[in-house]
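Structure record follows, encoded as structure tokens.
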Amino acid sequence: MMHYFKWAFIVTIIGLAMGAALGWQSTGTVGGMLSVFFICAVLAVLEISLSFDNAIVNANKLKDMTPEWQHRFLTWGIIIAVFGMRIVFPLLIVVVAANIGPWQAMVMAATQPDEYSRIMHDAHLPIAAFGGTFLMMVGLSFFFDHEKDVHWVRWLEGRMQKYATIRGIEVALVLVTVLIFSRFLEPAESQIFFHSAIWGLLTFLLVEVLGGLLDSSQEALQAGAKGGLGAFLYLEVLDASFSFDGVIGAFALTHNLFVIAIGLGIGAMYVRSMTIMLVEKGTLTAYRYLEHGAFYAIIALSVIMFVQPLVHIPEVVTGLGGATLIGISLWASIRWNRKNGGAESEA
């Protein structure tokens, strides 16, 4: 465990120390210092609980990547995840929404946290539509696979595999879902929701196409190489989609962008370490239904993101829901292993 989580523990110590220092600098009291320290810790736990299914899905993709690209994902990927999604992404939202420059957005985050938070919350509708659509495509693509031969919920997954040969069935289901949810919104909000969802769908399709082109080009240059730049790009966009909910939800605890970056950054490091551990230990192979639970959790998260503009759902419910589905799939995997002696034959 120390081998996989050594850097996560180091980042935790440094991050919490930075949080305590930030609390002391901003308040000048021990109570304020402990308050910021506690918020950073809670945000880290929130990120881990919301992104555990992200780690499993990442591992599913990483297992086909070369050790070189796995290492790049753990190093470059964590930089993109922490600085890109936890700092740059919220700043870009404010830049676009408030029509101000990046430096002005940074100054607003430091000096006007309440106004900064208000703009972030106002941008929640398009973010939820974009991220929900992308994640729903990720989840449905796993089940609508005609080569998939391991089924957990057999009556459902068997039918989904059967209809997987129908071209574009996942796209059709997602578009129908988007249309249904958009009808419950006001006309102006419905238009924003629908346009953002279409961009989420296009992003998924473009990443799939671009990923295939990049990987095929790399394979032509380097025979036998698997999961190169295309897979890396896919994982980064996927991580970004998972991060939407955590970044927006973090503003319920604090309006300070830098505290959010510290807390969510710590959590992101654990998710990365967990991903590599799942790959190297072969956990996904040993527990055959674990992936299924993660992808069901992804679909559930996408639906929750669609529901959020209508009814607020606490982040703790989102995190516990995903963890419960993954826990049940782990329990089902253990039962199957005991019943079949760890055999790889189909249940």
Side-chain angles (χ1 to χ4, degrees), residues 43 46-54 56-57 85 89-90 93 97 117-144 153 156 160 169-204 237-253 264 292-329:
L43 286 173
L46 173 67
E47 177 70 9
I48 294 170
S49 65
L50 287 174
S51 301
F52 187 75
D53 45 359
N54 188 11
I56 296 175
V57 176
M85 281 309 302
F89 169 69
I93 291 178
S117 176
R118 183 192 65 77
I119 295 174
M120 283 294 297
H121 280 293
D122 289 345
H124 185 260
L125 177 64
I127 292 173
F130 181 96
T133 302
F134 186 92
L135 290 178
M136 186 170 288
M137 283 298 300
V138 170
L140 290 179
S141 296
F142 174 78
F143 293 108
F144 283 104
V153 185
L156 175 61
M160 295 175 81
I169 187 171
E170 309 100 308
V171 176
L173 285 175
V174 169
L175 287 176
V176 168
T177 304
V178 169
L179 286 172
I180 291 173
F181 277 98
S182 64
R183 291 183 66 87
F184 291 98
L185 298 170
E186 296 295 328
E189 293 182 337
S190 176
Q191 186 176 13
I192 295 173
F193 182 90
F194 187 78
H195 285 171
S196 302
I198 293 299
W199 276 109
L201 177 61
L202 285 175
T203 301
F204 176 85
V237 177
L238 180 65
D239 180 77
S241 298
F242 273 102
S243 301
F244 289 152
D245 200 45
V247 171
I248 298 297
F251 281 92
L253 293 174
L264 297 185
H292 297 68
F295 280 99
Y296 278 122
I298 288 173
I299 294 175
L301 175 59
S302 68
V303 173
I304 288 174
M305 293 184 79
F306 283 160
V307 173
Q308 283 281 14
L310 302 171
V311 180
H312 174 68
I313 300 176
E315 282 68 32
V316 65
V317 174
T318 305
L320 287 176
T324 300
L325 286 169
I326 293 172
I328 295 173
S329 67

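Any value given below was found using the heavy atoms of this structure, including those in side chains, with hydrogens, waters and symmetry copies removed. In what follows, residues are counted from 1 in the order of the sequence shown.
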Hey, what do you get for [atom1] ([X]) to [atom2] ([Y]), rounding to the nearest 0.5 Å?
X: Leu173; Y: Met137; atom1: CG; atom2: CE; result: 9.5 Å
X: Met136; Y: Leu175; atom1: CE; atom2: CG; result: 11.0 Å
X: Leu201; Y: Phe130; atom1: CG; atom2: CZ; result: 10.0 Å
X: Met305; Y: Ile127; atom1: CE; atom2: CD1; result: 8.0 Å

Check whether any side-chain heavy atom of [X] sits under 4.5 Å from a side-chain heavy atom of [Y], and report yes or no.
X: Phe204; Y: Val174; value: no
X: Leu325; Y: His292; value: no
X: Leu185; Y: Leu125; value: yes

N/O donor to acceptor pairs below 3.5 angstrom from side-chain atoms of residues 189-200, sequence neighbours left out:
unit_1, atom_1, unit_2, atom_2, d
Ser190, OG, Ser182, O, 3.0
Ser196, OG, Ile192, O, 2.9

Which residue pairs pass the side-chain hydrogen bond (donor to acceptor under 3.5 Å, both in side chains) test with at least one member in residues 128-144, sequence neighbours excluded? none
Below 30° counts as parallel, above 60° as perpendicular, anything between as tilted: where do the rings of Phe143 and Tyr296 land? tilted
Residue list, side-chain contact (heavy atoms from CB on, under 4.5 Å) with Val307, at least two apart or on another chain: Phe181, Val303, Val311, Ile313
Using side chain to side chain contact (heavy atoms under 4.5 Å, CB included), reason through Phe295 and Val138 one step at a time and then give a plain yes or no. CA-CA 8 Å; Phe295 280 99; Val138 170; 4.0 Å; yes
